[in-house]
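Scope of the values below: all heavy atoms of this structure, side chains included, with no hydrogens, waters or symmetry mates. Order of the sequence lines sets the chain letters (A, B, ...), proteins ahead of strands, with each chain counted from 1.
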2 protein chains.
Amino acid sequence: MKMMTIGKAAGKAGVGVETVRFYERQGLIEQPPKPINGGYRDYPEETVRRIRFIRQARELGFSLRETAELLSLNADPSTDCADVRERAQGKLLEVERKAAQLDRMRLALERLIAACPGQGALKACSIIEALKGGEGVAVKPTQDKETTP
Amino acid sequence: MKMMTIGKAAGKAGVGVETVRFYERQGLIEQPPKPINGGYRDYPEETVRRIRFIRQARELGFSLRETAELLSLNADPSTDCADVRERAQGKLLEVERKAAQLDRMRLALERLIAACPGQGALKACSIIEALKGGEGVAVKPTQDKETTP
DNA sequence: CTACGCTCCGTATAATAGTACGGTGTCAAG
DNA sequence: CTTGACACCGTACTATTATACGGAGCGTAG
């Protein structure tokens, strides 16, 4: 039988063996049971998919905790549907916010590139200006008196 | 004259004073010169914008190093235009890749939500399946013999 | 059956990104 | 002039996210 050992699984997912173990310890992926005879663990394809998902989510700026929350939406097909739905909607908002920011950055880069090639000195294609909208959670005001001292 | 001290700047940007200092040490923002008489530093609005940009970029999964690279595109309006352009194009690719992934996740969440509300048991609206494309940089193969041992 | 590579497991170390602390100096209100 | 809040600065600590190490065990090729 073709066993997928942890090394194979890690290779397929594009991470190191230690990273797989780390995710197991963090509860992001389930550690397959050790065979009764006491040999090596056999990893299912599902684990590889989960690891890849985790990497992608990380690249999109989700923490491991947030990634676990995303995975938990997937994990239980039997759990309270309304609850899953609610959490999914929360995540969707987060995703949409990120997407909007990313789109602003994309536009800014495109403008920068467009303004660059010819001959001018590309005066002020501010990338910074691109990401001015959509402040995340309301940060503590810290008494913002601003222009009224 | 209305001085913007580090505390005010941090408050406006929605971060703590220590974070501002940290970014200064990392070279992401410039530390304003200390007044000759030796008082407090006066932070320009530009710094607030930069900090906000940094936070947004971080939320989109860019490391501080990558964020610095993004900022560097903005910083020098006099530098070699072709160089800036090239780097901007590299970043644009990254951003587009992220956007594509994010879009897949958004669709998956939408499908999940759509499949959820009624009454069924939402069999297999796999979020994981959503992010299967676009493997980033080719990870070291580690001799991927796969199904041929 | 032996050699080699890999697994297993606990623990240690590292890199990144902040956050906190403590002593001293500065400013502005009272 | 005193007092309270904040700036300044170096250093220390924390959390997150991995990576590395070392010794013992397993398993397959030769």
Side-chain angles (χ1 to χ4, degrees), chain A residues 1-29 31-43 47 51 53-69 71 139-140 142-145 149, chain B residues 1-29 31-43 47 51 53-69 71 139-140 142-146 148-149:
Chain A
M1 79 235 212
K2 55 162 189 166
M3 278 256 298
M4 181 149 65
T5 61
I6 192 171
K8 301 263 182 56
K12 274 188 144 190
V15 302
V17 166
E18 303 305 326
T19 302
V20 177
R21 291 199 202 289
F22 175 68
Y23 289 162
E24 286 173 349
R25 262 176 283 144
Q26 301 303 305
L28 285 155
I29 57 182
Q31 188 177 44
K34 211 170 170 179
I36 302 89
N37 52 50
Y40 296 161
R41 296 174 200 284
D42 188 17
Y43 285 75
T47 298
I51 296 169
F53 179 87
I54 294 164
R55 298 321 303 221
Q56 301 282 1
R58 295 283 297 110
E59 283 180 24
L60 295 176
F62 291 99
S63 68
L64 280 192
R65 177 178 303 276
E66 290 169 327
T67 303
E69 286 165 11
L71 283 169
V139 286
K140 64 174 205 296
T142 323
Q143 68 199 17
D144 192 354
K145 61 189 95 173
Chain B
M1 79 240 209
K2 55 159 187 165
M3 276 258 296
M4 180 149 64
T5 61
I6 192 171
K8 300 264 181 54
K12 276 188 145 191
V15 301
V17 167
E18 303 305 325
T19 301
V20 177
R21 290 201 203 288
F22 175 68
Y23 290 160
E24 286 172 350
R25 264 177 282 142
Q26 300 305 304
L28 284 156
I29 57 182
Q31 186 176 45
K34 209 168 170 178
I36 301 88
N37 50 51
Y40 296 162
R41 296 173 199 284
D42 188 18
Y43 285 77
T47 297
I51 296 169
F53 179 88
I54 293 165
R55 298 321 301 224
Q56 301 282 3
R58 296 282 299 110
E59 283 181 24
L60 295 177
F62 291 99
S63 68
L64 281 190
R65 177 179 301 276
E66 289 169 328
T67 303
E69 287 166 10
L71 283 168
V139 286
K140 66 174 202 294
T142 322
Q143 66 200 22
D144 193 353
K145 61 190 91 169
E146 188 149 0
T148 323

Starting at [atom1] of [X] and ending at [atom2] of [N], how long is that distance when rounded to a whole Å?
X     : N      : atom1 : atom2 : value
B/E18 : D/dC6  : CD    : C1'   : 12 Å
A/E24 : C/dC9  : CD    : C1'   : 11 Å
B/I29 : C/dG18 : CD1   : C1'   : 13 Å
B/N37 : D/dA7  : CG    : C1'   : 14 Å
B/F22 : C/dC21 : CZ    : C1'   : 17 Å
B/R65 : C/dA15 : CZ    : P     : 12 Å
B/I51 : C/dG18 : CD1   : P     : 12 Å
B/M4  : C/dC27 : CE    : C1'   : 18 Å

Between the side chain of B/E59 and the main-chain N/O of B/Q56, is any donor-acceptor distance below 3.5 Å?
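Looks like no, no N/O pair under 3.5 Å.
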Which is it for B/Y40 and B/I6 under the side chain to side chain contact (heavy atoms under 4.5 Å, CB included) test, yes or no, and what are the steps along the way?
CA-CA 8 Å; B/Y40 296 162; B/I6 192 171; over 6 Å; no
Taking all atoms of both residues into account, what is the closest heavy-atom pair of B/R55 and B/Y23, and its distance?
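Residues B/R55 and B/Y23, closest heavy atoms: NH1-OH, 3.4 Å.
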Residue mapping more 5' on DNA chain C - nearest nucleotide basis, B/I54 or B/G39
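Result: B/I54.
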Any side-chain N or O of [X] less than 4.0 Å from the OP1 or OP2 oxygen of [N]?
X     : N      : answer
A/R41 : C/dC6  : no
B/Y23 : C/dA17 : no
B/Q31 : D/dC8  : no
B/T19 : C/dT19 : yes
A/S63 : D/dT16 : no

Heavy-atom nearest nucleotide on DNA chain D for B/T5 versus B/R25: which residue maps closer to 5'?
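Comparing both residues, the 5'-ward one is B/T5.
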Which of the following nucleotides, C/dG18, C/dC8, C/dT19, is nearest to the side chain of A/I6?
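Given the options C/dG18, C/dC8, C/dT19, the side chain of A/I6 is closest to C/dC8.
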Among D/dT17, C/dT7, C/dA17, find the nucleotide with the atom closest to the side chain of B/L64.
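Shortest atom-to-atom distance from the side chain points to C/dA17.
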For a quick check, tell me whether the side chain of A/Y40 and the base of C/dC8 share a donor-acceptor pair closer than 3.5 Å.
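Answer is no: no donor-acceptor pair is held.
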Within a strict 4.5 Å, meaning less than it, do heavy atoms of the B/I54 and B/V15 side chains meet?
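With C-beta onward as the side chain, the pair stays apart.
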Is there side-chain contact between A/R41 and A/T47, with at least one heavy-atom pair below 4.5 Å?
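Of all side-chain heavy-atom pairs linking A/T47 with A/R41, none is under 4.5 Å.
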Under 4.0 Å between any heavy atoms, over every strand shown, what does B/R21 touch: base, sugar-phosphate, or nothing? Just pick one.
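Counting heavy atoms under 4.0 Å across all strands, the contact made by B/R21 includes a base.
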